[in-house]
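Letters go in sequence order (proteins before strands), and every chain restarts at 1.
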Amino acid sequence: MARLRRSFFNRPTVTVARQLLGCYLVRRMGNRVIRVRIIETEAYVGPKDKASHASRGSTPRTQVMFGKAGCLYIYLVYGMYYCLNVVTEREGYPAAVLIRSSVKLGPSSFFVPYGTKNEQNGFEISGPGRVCRALKIDKRLHGEDSVVSRQLWFEKGKLSQNEKIMTGKRIGIPYAGRWQHKRWRFYIKKPSDRTIHWV
DNA sequence: GATAAGATCATCT
DNA sequence: GATGATCTTATCA
């Protein structure tokens, strides 16, 4: 599988957020490799986006958002859960994509995008906190460069023909004023049929 | 099924 | 000292 390069992330954040759908997130810890397929993302775009942690300028926590595209921005929310973001756009312009949900592939190598918890076929990991828990992601990976990392990186993936991209408002940001209404959440539409798709 | 409350701490005011 | 880019459990219906 082809690793996503810096040029993939060094583009408009909304574009990256859309194109990450169907791509893979790969976590390696020693011998063990966990691969999941990304099915939901959110875009946090620029210094004016009141929903973004970077809207108050660069701080020790947020400075990686101002850095190189492809680096990981990881933070703790509500005292107990980590959230994984990947930095986008040019250096100096703070932006990132939050990875909200994924599907872990089963040993059978095909997957059901939504709705199953069957380990044989793969199961959904929905919610940014759960994604990080499932992939054992914590602050130690904050600032890691996914373009060259041996611990966590992204690989190219596709949407199947009957998968469509849906948009919606971002979750959990009622304080963000007019920015809360931006439809910068992206997810793969639940197929109306129950067909199983090949990867 | 839906809604509400509690957990728990780094970061910022 | 207040506040979350959240999730789980409890308590309803």
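Among residues two or more places apart in sequence or in another chain, the side-chain hydrogen bond (donor to acceptor under 3.5 Å, both in side chains) test is passed with His142(A) by none. For Thr167(A), the side-chain hydrogen bond (donor to acceptor under 3.5 Å, both in side chains) criterion is met by Arg183(A), not counting sequence neighbours. For Arg27(A), there are no salt bridge (Lys or Arg N to Asp or Glu O under 4.0 Å) partners two or more places apart in sequence or in a different chain. For Val148(A), the side chain to side chain contact (heavy atoms under 4.5 Å, CB included) partners at least two apart in sequence or on another chain are Asp145(A). In this structure, Arg61(A) has no salt bridge (Lys or Arg N to Asp or Glu O under 4.0 Å) partners at least two apart in sequence or on a different chain. Remark: Glu155(A) engages Arg35(A) in a salt bridge (Lys or Arg N to Asp or Glu O under 4.0 Å) (not counting sequence neighbours). With sequence neighbours excluded, the residues satisfying salt bridge (Lys or Arg N to Asp or Glu O under 4.0 Å) with Arg140(A) are Asp138(A).
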The dot-bracket string of DNA chain B, counting Watson-Crick and G-U wobble pairs with both distances under 3.5 Å, using [ ] for crossing pairs and | for pairs to another strand, is |||||||.||||.
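Taken residue by residue, residues 49-81 of chain A places heavy atoms nearer than 4.0 Å to DNA chain B at Arg56(A), Thr59(A), Arg61(A), Leu76(A), Tyr78(A), Gly79(A), Met80(A).
Within 4.0 Å of Leu98(A), counting heavy atoms only, lies at least one base atom of the nucleic acid.
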When the side chains of residues 129-136 of chain A are checked against the rest of the protein, which donor-acceptor pairs come out under 3.5 Å, sequence neighbours left out?
unit_1: Arg130(A); atom_1: NE; unit_2: Ser126(A); atom_2: O; d: 2.6
unit_1: Arg130(A); atom_1: NH2; unit_2: Ser126(A); atom_2: O; d: 2.9

Contacts table for residues 79-87 of chain A: side-chain donor-acceptor under 3.5 angstrom, sequence neighbours left out:
unit_1: Asn85(A); atom_1: ND2; unit_2: Tyr73(A); atom_2: O; d: 3.1

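Side-chain nitrogen and oxygen atoms of Arg133(A) include none within less than 4.0 Å of the OP1 or OP2 phosphate oxygen of dT6(C).
Nucleotides of DNA chain B that come within less than 4.0 Å of any heavy atom of chain A span, from the 5' end to the 3' end, dA7(B) to dT13(B).
Atom P of nucleotide dT6(C) and atom CG of Leu84(A) are separated by 14 Å, given to the nearest angstrom.
For the pair Arg6(A) and Phe8(A), the NZ or CZ position fails the cation-pi test of under 6.0 Å to the six-membered ring centre and within 45 degrees of the ring normal.
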